[in-house]
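Data block below; observations after.
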Amino acid sequence: WLLDLLDASRTAYIILVSLAVFARLISVLVQFRIQSPDPTGGAVASANWAKEIHSLLKEHTLMRFICFGAVSGFFIGFAGALCPLYALQHLGASPAEFTGYSIAATVAGTLCVRLWGKLIDRHGAAPVVLICFFGWRLGDIAWTLITPETRIWMFALWTWGGALATGYM
């Protein structure tokens, strides 16, 4: 809406980024105010960190999970940087249209958070995270089928991706 109103100008983006920074500042302040008291009474702060790290390194399943998260996070971040370039330069999407894709993904993710929470409570985190991760990546493979003439399907892809991304994260 704002991008269309201001013709995707630098001013429009500065306003959007400013609103996002302001909203993030408010969310941090709210999180700061709703801190829970430390249930350990400070025992965590006085723990032997070297011993803790040594015991964590012995947990092979946890280390596999951490490595999986690091590798997948790297590639998701790498692909995320290329998405706008591909959509704008090769598919011919406008900045406003690309912003609409992002908004669709965010709304879909927001609507599905509760669903993923219930599924995690019922079946555990591991199966839900794996299903969401591979489903999310499957949707990304569909990018290869999108052409400038069929880019309207990007809304469906981003909605799918947003919904599954919240289950993974």
Side-chain angles (χ1 to χ4, degrees), residues 13 16-90 98-99 101-146 154-169:
Y13 282 102
L16 284 175
V17 169
S18 300
L19 288 172
V21 168
F22 180 72
R24 182 64 181 144
L25 176 66
I26 296 299
S27 72
V28 168
L29 290 174
V30 169
Q31 288 175 355
F32 180 74
R33 288 187 151 294
I34 60 171
Q35 278 185 343
S36 302
D38 184 3
T40 65
V44 173
S46 63
N48 183 348
W49 282 90
K51 185 178 176 181
E52 292 290 328
I53 291 173
H54 182 69
S55 65
L56 281 175
L57 291 174
K58 290 182 180 179
E59 297 292 331
H60 298 293
T61 55
L62 178 62
M63 294 310 296
R64 278 196 305 253
F65 178 72
I66 290 171
C67 289
F68 169 76
V71 170
S72 65
F74 172 78
F75 285 108
I76 290 169
F78 180 75
L82 297 177
C83 287
L85 296 175
Y86 182 74
L88 297 172
Q89 293 177 359
H90 296 288
F98 187 78
T99 303
Y101 303 152
S102 297
I103 291 170
T106 303
V107 169
T110 302
L111 294 175
C112 290
V113 167
R114 192 168 181 175
L115 168 72
W116 299 128
K118 287 181 179 183
L119 287 173
I120 287 171
D121 289 344
R122 183 175 298 144
H123 302 288
V128 173
V129 167
L130 286 173
I131 289 168
C132 288
F133 178 75
F134 288 112
W136 186 16
R137 299 297 98 193
L138 184 66
D140 290 343
I141 292 171
W143 275 67
T144 61
L145 305 173
I146 301 295
M154 289 293 283
F155 282 106
L157 286 178
W158 279 69
T159 301
W160 170 267
L164 290 170
T166 54
Y168 170 70
M169 293 182 199

I need the minimum non-hydrogen distance between [X] and [Y], along with the two atoms involved.
{"X": "Cys132", "Y": "Leu164", "value": "CB-O, 3.3 Å"}
{"X": "Met63", "Y": "Leu57", "value": "CE-CD2, 3.8 Å"}
{"X": "Cys112", "Y": "Thr166", "value": "CB-OG1, 4.1 Å"}
{"X": "Trp160", "Y": "Gly135", "value": "NE1-O, 2.8 Å"}

Interatomic distance, [X] atom [atom1] to [Y] atom [atom2] [nearest 0.5 angstrom]:
{"X": "Lys51", "Y": "Ile53", "atom1": "NZ", "atom2": "CD1", "result": "13.5 Å"}
{"X": "Leu119", "Y": "Ile131", "atom1": "CG", "atom2": "CD1", "result": "8.5 Å"}
{"X": "Met154", "Y": "Thr159", "atom1": "CE", "atom2": "OG1", "result": "10.5 Å"}
{"X": "Leu157", "Y": "Leu138", "atom1": "CG", "atom2": "CG", "result": "10.0 Å"}
{"X": "Trp158", "Y": "Phe98", "atom1": "CH2", "atom2": "CZ", "result": "3.5 Å"}

Item to check | Given Phe134, Trp136, Trp116, the one that forms ring-ring contact (aromatic ring centres under 6.0 Å, His included) with Tyr168 | outcome: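 So the option named by the test is Trp136.
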Checklist entry - Got a sec: does the OH of Tyr86 have more than 12 other heavy atoms crowding it under 6.0 Å? => result yes
Item to check | Between Ser27 and Arg24, a side-chain donor and acceptor under 3.5 Å | outcome: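 There is such a pair between these side chains.
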